[in-house]
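Working notes, beginning with the structure itself.
Within every chain, numbering begins at 1; the chains are lettered A, B, ... in the order of the sequence lines, protein sequences first and strands thereafter. Computation of the quantities below employed the complete heavy-atom set of this structure, encompassing side-chain atoms and omitting hydrogens, waters and symmetry-equivalent molecules. Owing to the predicted nature of the structure, the values given are computational and were not obtained by experimental measurement.
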Protein chains: 2
Amino acid sequence: MTETPPKRATIAAVARRAGVSPSAVSHVFNGRPNVSAATAARIRQAADELNWRPNYASRKVSGRGGRSLGLVIARASDTFGRDPFFMRLVAGLTEPLAEIGWSLSLTLVRVDDEARVYREWWAEQRVDAFLLVDVRADDPRLDLIGRLAAPAVVLGAPIDATVPAVTVRDDAAFEAVLAHLAELGHRRVARVNDAPNLAHTRARDARFATAAAGHGIEPSYAVWDAEAEDPVADLLGRIGPVTAIIVDSEVMAAEIVAHAPEIGVSIPERLSVVAWEDSWVSTLVRPRLTALDAPVEESARTAVGLLERLVRGDGVTSQTVGGRRLMIRDSTSTAPSVVHGQD
Amino acid sequence: MTETPPKRATIAAVARRAGVSPSAVSHVFNGRPNVSAATAARIRQAADELNWRPNYASRKVSGRGGRSLGLVIARASDTFGRDPFFMRLVAGLTEPLAEIGWSLSLTLVRVDDEARVYREWWAEQRVDAFLLVDVRADDPRLDLIGRLAAPAVVLGAPIDATVPAVTVRDDAAFEAVLAHLAELGHRRVARVNDAPNLAHTRARDARFATAAAGHGIEPSYAVWDAEAEDPVADLLGRIGPVTAIIVDSEVMAAEIVAHAPEIGVSIPERLSVVAWEDSWVSTLVRPRLTALDAPVEESARTAVGLLERLVRGDGVTSQTVGGRRLMIRDSTSTAPSVVHGQD
DNA sequence: GTGAAAGCGCTAACAT
DNA sequence: ATGTTAGCGCTTTCAC
């Protein structure tokens, strides 16, 4: 299997072949200007012929900071697997990273292993920066990152002083959703989420309350219990006399929409459903989900931009990216008058 | 932002602190036996106090082969994003990799960039092995990998002489599906796939034909055209007088099941649908999909095992992993007698 | 059982 | 514009 001794060319070999010194080769491959065009060309050709590229590891050892982004996801593999968001994220990260010659190191961990992995990856210098997702309230990672002095950016959580963040503008979104629902006659709306400990949850709750007030809507809150025997029935049994719900993920919303009719709640006739994320899943179920699309790709690109400046030592500040778009589909309609008359 | 000069400890610092030489430290961290238990303990403690771990890059430079697996996926980000298989794969890879101290480098590329990325990652020694997925018929990567002499294993494609593969046993699965369908009275069944150029497609077609013959079922074939204005209508218009279809992915199947009734084909009354993959998507649509679950996690673990032996230079042979399980749900039922009487 | 020293492939001063 | 040289942090003979 390993018949050919996999001896890979070295910079010395390339130099020899091009009739120059190793440093000349190095200069060329690091865009330094002190090499004549002619020699540069010879060098590049020699490198091509030998199929040589600067060894990534050696490069790192000799000072030139590496190019690897660490993404450590602390989710059980099933909740990870059910969330199309991560696919969008990985896909969105991939292109801007490739543009700057970085690669992505990805892993899944249990929460109690999280800190260890961050430490190890950083100590071993496997990665040169981190992207933090699923930031929880009082997330210990913020502190950890600070102590490690590792470059990092937070994705999708409220801005924190120590670690720059990329967030999606939410306010207009709530405004749009509640305007839509108010127009349809809804007066009682619940917001349901499945991760009450995530950092953005409180902020969203607050914005929801504000926007609701502006439209004469009475807000309420409910938490999705994935452990329940029948999570949808469980939830529906707890949300009270609302005529619409805003659900924090489109997958949850899809489950609700698919299952609710089977337990006597027709959608959207009895209950309107809005999903706070959008993906191909939204149009897979019937009725198709009215959903808010988030600019995941743009967030990813912005994050990579921040990261790059961060490792270069440039000053960097948190950024927010373009708003969400409300995709009105079939899971929302006029409020049932029965309940409507209740307020 | 970078207030603390991020000077990380070196092996020398650890050695000094433990009152030994650098090589002693190295020995301890490489499990070499020539260090007394007492000194080893002191060394480990010193390392802990300094939060030191052997620098990954330096280690690689000094010969000790690295620990990074490259996964290069040549799909448009939307088809990547819609396929829960990849999430399962990544999740399944993550744990066995962590166990042997490897990390996963993941990227998405356009097909025409594929070869370049493999070459670069290998030449730069960013990765130390590759996992090949979505292997196409006459896939140029097999040849490329051979020329690079890079350790690699193929996932989910027929066994090739040069690169060891992990495949899922399929034969029993077709047998099970066709038995199920035959029992329900189906005599004409179509297999539909969306990637006719994938290496496993032909093999599956063949097995399908064999199994069908064994059950007196007339097999036919159709290709899903994602570019069509209405792919479901398009497909249904082309499949001919079949009463059941076996669809190569559960996402495609889900779309069919969701959309078919809207264009006058009720499922399963008029058409039974079997999905050749399973995931949470299968139970999201109504009717829930009868589907074949594949042991993705087991495949991933097996692949990692092969890889590890491969980089160690051990001999390695292709392996097949446990069969698929047929999850009978609601998208299959008795064949409509109208069409049934046709054969 | 422990340490000295050479070397891995590259980059970066510093000559020339 | 090009070459020389000294590291980078680690592993690994090979002495002690």
Side-chain angles (χ1 to χ4, degrees), chain A residues 5-44 46-47 50-68 101 120 122-126 128 312, chain B residues 5-44 46-47 50-68 101 120 122-128:
Chain A
K7 276 292 164 220
R8 283 175 267 190
T10 71
I11 198 174
V14 175
R16 223 174 298 124
R17 178 174 255 262
V20 297
S21 80
S23 54
V25 179
S26 174
H27 287 158
V28 170
F29 275 82
N30 287 289
R32 247 175 295 280
N34 24 337
V35 170
S36 71
T39 24
R42 250 187 318 139
I43 290 174
R44 289 199 175 283
L50 265 40
N51 211 318
W52 177 87
R53 299 297 240 102
N55 180 316
Y56 175 75
S58 303
R59 208 174 216 187
K60 264 186 94 153
V61 170
S62 50
R64 190 165 200 80
R67 330 189 133 279
S68 171
E120 270 188 25
W122 183 247
E124 294 182 354
Q125 302 188 43
R126 262 169 196 282
D128 309 286
R312 285 211 319 250
Chain B
K7 275 294 166 220
R8 281 175 270 189
T10 69
I11 197 172
V14 175
R16 224 174 297 123
R17 180 173 255 261
V20 297
S21 79
S23 50
V25 179
S26 173
H27 287 156
V28 170
F29 275 80
N30 287 288
R32 246 175 294 282
N34 26 336
V35 171
S36 71
T39 20
R42 253 187 316 145
I43 290 175
R44 288 201 176 281
L50 265 39
N51 212 319
W52 177 88
R53 299 294 240 102
N55 179 315
Y56 176 75
S58 303
R59 206 173 219 191
K60 263 187 95 153
V61 169
S62 49
R64 191 163 199 83
R67 331 187 132 282
S68 170
E120 270 189 24
W122 184 247
E124 294 183 353
Q125 303 187 42
R126 261 169 196 283
V127 298
D128 309 286

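- In this structure, B:R53 atom CZ and D:dG9 atom C1' are separated by 16 Å, rounded to whole Å.
- Among the heavy atoms of the strands lying under 4.0 Å from B:V61 is at least one base atom, whether or not backbone atoms are also near.
- The nearest pair of heavy atoms linking A:V25 to A:V20 is CG2-CG2, 4.0 Å.
- Atom-to-atom, CD of A:E124 to P of D:dG9 comes out at 16 Å; the value is rounded to the nearest Å.
- With rounding to whole Å, B:I43 atom CD1 is found 13 Å from D:dC10 atom P.
- You'll find that the side chain of B:N55 is closest to D:dG9, out of C:dT2, C:dC10, D:dG9.
- An end-to-end axis angle of 30° holds for the helix from C:dG1-D:dC16 to C:dT16-D:dA1, taken from five base pairs per end and rounded to 10°.
- Distance CZ (B:R16) to P (D:dC10): 12 Å, rounded to an integer number of Å.
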Listing time: all N or O pairs from protein to nucleotides 12-16 of chain C that are below 3.5 Å?
from, atom 1, to, atom 2, distance (Å)
C:dA12, OP2, A:R32, NH1, 3.3
C:dA12, OP2, A:R32, NH2, 2.6

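- For the pair B:R8 (side chain) and A:W122 (backbone), a donor-acceptor distance under 3.5 Å is present.
- Side-chain contact between B:V28 and B:R42 is absent, with no heavy atoms from C-beta onward closer than 4.5 Å.
- Rounded to an integer number of Å, the gap from B:R59 CZ to C:dC10 P is 21 Å.
- Closest heavy-atom contact between A:G101 and B:R126: O-NH2, 2.7 Å.
- Residue order along DNA chain C, read from the 5' end via each residue's closest nucleotide, puts B:A24 first among B:A24 and B:S58.
- Atom pair B:F29:CZ and D:dT11:P shows a separation of 9 Å (rounding to whole Å applied).
- In this structure, B:L50 atom CG and D:dG9 atom C1' are separated by 14 Å, rounded to whole Å.
- In this structure, B:R16 CZ and B:I11 CD1 are separated by 11.5 Å, a value rounded to the nearest 0.5 Å.
- Residues B:P54 and A:S21 both approach DNA chain D. Their nearest nucleotides, taken by heavy-atom distance, put A:S21 toward the 5′ side.
- To the nearest angstrom, P of D:dC10 lies 14 Å from CZ of A:R126.
- For B:R17, the side-chain hydrogen bond (donor to acceptor under 3.5 Å, both in side chains) partners at least two apart in sequence or on another chain are B:E49.
- Heavy atoms of A:V25 sit nowhere under 4.0 angstrom from any nucleic acid atom.
- Looking at A:R67, A:K60, A:R312 one by one, the single match for salt bridge (charged side-chain N to carboxylate O under 4.0 Å, His left out) with A:D128 turns out to be A:K60.
- Listed for the A:S26 side chain is no donor-acceptor partner under 3.5 Å among the backbone atoms of A:P22.
- Closest heavy-atom contact between A:W52 and A:A9: CD1-O, 3.1 Å.
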